[in-house]
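Following: one structure in structure tokens, then a few remarks.
Residue numbers begin at 1 in each chain, while the letters A, B, ... track the order of the sequences.
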Number of protein chains: 2
Amino acid sequence: MMSMYTKNINTHLIEIKDYFKVAISVDCVIFGFAEDKLKVLLIKSDLNEYKGKWSLLGDIVRPDEELEKAAYRILSDRTGLENVYLEQVQTFGAVDRHPAGRVITVAYYSVVNLAGICLQAANPELHWVPVETIRDMAFDHRQILEVCLDRLQQQMMVQPVGFNLLPEKFSLRALQVLYEAVLRRELDRRNFRKKFLSMDLLDDLQEEESDVPHRPAKLYKFNFNKYEQHRKRYLAIAF
Amino acid sequence: MMSMYTKNINTHLIEIKDYFKVAISVDCVIFGFAEDKLKVLLIKSDLNEYKGKWSLLGDIVRPDEELEKAAYRILSDRTGLENVYLEQVQTFGAVDRHPAGRVITVAYYSVVNLAGICLQAANPELHWVPVETIRDMAFDHRQILEVCLDRLQQQMMVQPVGFNLLPEKFSLRALQVLYEAVLRRELDRRNFRKKFLSMDLLDDLQEEESDVPHRPAKLYKFNFNKYEQHRKRYLAIAF
DNA sequence: ACAAAAGTGTTCAACATACACCCATGA
DNA sequence: TCATGGGTGTATGTTGAACACTTTTGT
């Protein structure tokens, strides 16, 4: 029974049937951004059925634990980060989705600044994998990833989630590369800059990049406070 | 044990603890439209704790049942309708949300043409309740309703879900009244008509209203096929 | 003839898109 | 001086918003 809390339900086979008819887990799709690519934090599955395949970070929810708390626990256990952006996406409950029995999983996605993370030394199997290189995954995790990626793309256009993927100080170029990587399309540089500068939510830090082999870019910081105050509501009917 | 399948987890107290550590249920927020008002199908709770309060339609998920199947089952049991629009919204898992123990519930919303529904005679407690009159509800159902209503409002602006709330043949006026009721704001008639007619997704049926004490309106039908083919993808970055 | 809702067009402002040149820096 | 990306403005088309009168029907 103890092992239920210390082992990971996705990487170690547990006879859930002996404890629960139905078990609840949380799976986290943790997005990061590095080398101009969108990445996801994944672990190699230990489970025989899925030996060597990539798996999301997940765990069962403890009987007295809130769902969101469980997601934060997984996140801080694996990345050491607290207070990160986290959002529930969807629940996956296919009867045969887990070989150990009926495991219904609630998927969350998170966006973190990958640069500020020391992966736990205890987990050499943990890797930041570029999203576009991912093919097979364990369980239905490929599908979960897909749905979370869709959600991220939608949110990026409507809320300032992207800034959590960058360091606090960033150039407009970095921001654009990020948007292009997540939305998977090229954007016009002048229009992109115009748009973000005209939103008036980027604080000009009066600083510049250094150590670049070309003209250094100005650095900005996203003003979350100003955003919270001037939040736009969404109006147009269009489909 | 048998009673778990025939009784409703939200209206009859069951000692879940004896069977499961955690139970999974599905709750359906079923929207309808009548008398120019958005309504939800609700039932009076039988549970002592929530005697007389409104409750969503829900039931526990059977061990071998897909989540979505469970939602469809609830829907067709209560409304007799098949093949309706149904969408998963969010999962609610607060530790104390159900007095019978830990019950994690997956919320779905549905939109149906209320006119085509005969409520099951076996359920005199079932009612179409105008959304704006709803105050207290059993459990956390008020919160669930709120979240589903938000989602419905968002979807209405981006996908043609609204048409499922109307009869097959409808006037532009009826469509506008529906949008105004769901989005809770007035819309300009000329702009509304222009927008929907220019989408070119409404088939002019060459029919008119009858028995109205004024000039009869033309009737239209939404062309779902055409929509599926010309689906817009959503582009602008705005927040 | 009157009441009640149907139907219709134009103007203006805001915003998305397309597009090309000069500038600052390090090598 | 060259290579590399940083930084800028204008013109055009589309779309949303505001707004008032005529038409058709039933009573």
Side-chain angles (χ1 to χ4, degrees), chain A residues 35-36 153-154 156-158 166-167 169-181 183-221 230-239, chain B residues 35-36 153-154 156-158 166 169-181 183-221 230 232-239:
Chain A
E35 292 119 37
D36 295 356
Q153 288 173 338
Q154 289 163 29
M156 282 280 283
M157 298 198 287
V158 155
L166 295 176
K169 302 172 179 189
F170 54 86
S171 65
L172 282 172
R173 179 69 187 168
L175 188 63
Q176 183 177 345
V177 170
L178 169 65
Y179 269 84
E180 290 180 333
L183 301 181
R184 292 177 163 289
R185 69 192 158 104
E186 295 197 345
L187 301 167
D188 180 87
R189 190 160 95 254
R190 277 168 295 186
N191 293 335
F192 184 88
R193 299 171 67 89
K194 213 187 314 169
K195 166 145 234 162
F196 277 86
L197 291 174
S198 73
M199 290 189 324
D200 198 33
L201 292 171
L202 299 183
D203 290 349
D204 184 340
L205 295 173
Q206 311 288 358
E207 291 179 58
E208 291 183 339
E209 291 178 314
S210 49
D211 302 321
V212 287
H214 53 77
R215 176 174 174 180
K218 292 169 89 175
L219 296 179
Y220 297 89
K221 182 178 164 180
H230 301 286
R231 227 169 217 283
K232 254 196 202 173
R233 38 203 157 302
Y234 212 174
L235 296 180
I237 299 167
F239 48 81
Chain B
E35 292 119 37
D36 295 357
Q153 288 173 337
Q154 288 163 30
M156 281 280 283
M157 298 198 288
V158 155
L166 295 176
K169 302 173 179 187
F170 54 86
S171 65
L172 281 172
R173 179 67 184 171
L175 189 63
Q176 184 178 342
V177 169
L178 169 67
Y179 269 83
E180 289 180 334
L183 302 181
R184 292 179 162 285
R185 69 192 158 103
E186 295 197 345
L187 301 168
D188 180 87
R189 191 159 93 254
R190 278 168 294 189
N191 292 335
F192 184 86
R193 299 170 68 88
K194 215 186 311 166
K195 169 146 231 162
F196 277 85
L197 290 174
S198 75
M199 290 188 326
D200 198 33
L201 292 172
L202 299 183
D203 290 347
D204 183 341
L205 295 174
Q206 309 289 357
E207 289 178 62
E208 291 184 338
E209 289 178 315
S210 48
D211 302 320
V212 287
H214 54 77
R215 176 173 176 179
K218 291 168 90 175
L219 295 178
Y220 296 89
K221 183 178 164 180
H230 301 287
K232 254 197 203 173
R233 33 203 159 302
Y234 212 176
L235 296 179
I237 298 166
F239 50 83

Can you tell me the distance, in whole Å, between the CZ atom of B:Arg193 and the C1' atom of D:dT15? 19 Å
Smallest separation among heavy atoms of A:Ala174 and A:Leu166, with atom names: O-CD2, 4.4 Å
Quick one: A:Lys195 NZ to D:dT8 P, roughly how many Å, whole number? 18 Å
Quick one: A:Leu197 CG to D:dG6 P, roughly how many Å, whole number? 13 Å
Heavy-atom side-chain proximity of A:Phe192 to A:Lys195 below 4.5 angstrom: no
Listing request: all salt bridge (Lys or Arg N to Asp or Glu O under 4.0 Å) pairs with a residue in residues 201-214 of chain A, at least two apart in sequence or in separate chains. A:Lys169-A:Glu207, A:Asp204-A:Lys218
Whole angstrom is fine here: how far is it from CD in B:Glu209 over to C1' in D:dT24? 12 Å
Find the distance B:Leu187:CG to D:dA18:P and express it as a whole number of Å. 11 Å
C:dG7 C1' sits how many Å from B:Asp204 CG, rounded? 13 Å
Take atom CZ of B:Phe196 and atom P of C:dT8, then tell me their distance rounded to the nearest Å. 16 Å
Given 3.5 Å as the limit, does a donor-acceptor pair link the side chain of B:Glu180 with the main chain of B:Leu187, or not? yes
Could you check how far CE of A:Met199 sits from P of C:dC15, rounded to whole Å? 13 Å
For nucleotides 18-26 of chain C, just jot down a letter per nucleotide in 5' to 3' order: B, S or -, based on protein non-hydrogen atoms under 4.0 Å. BBB--BBBS
Using only atom types and a distance under 3.5 Å, with no angle test, would you say the side chain of B:Tyr220 pairs donor to acceptor with the backbone of B:Leu197? no
Taking the side chain as every heavy atom from C-beta outward, state whether B:Val177 and B:Arg173 have any pair of such atoms under 4.5 Å apart. yes
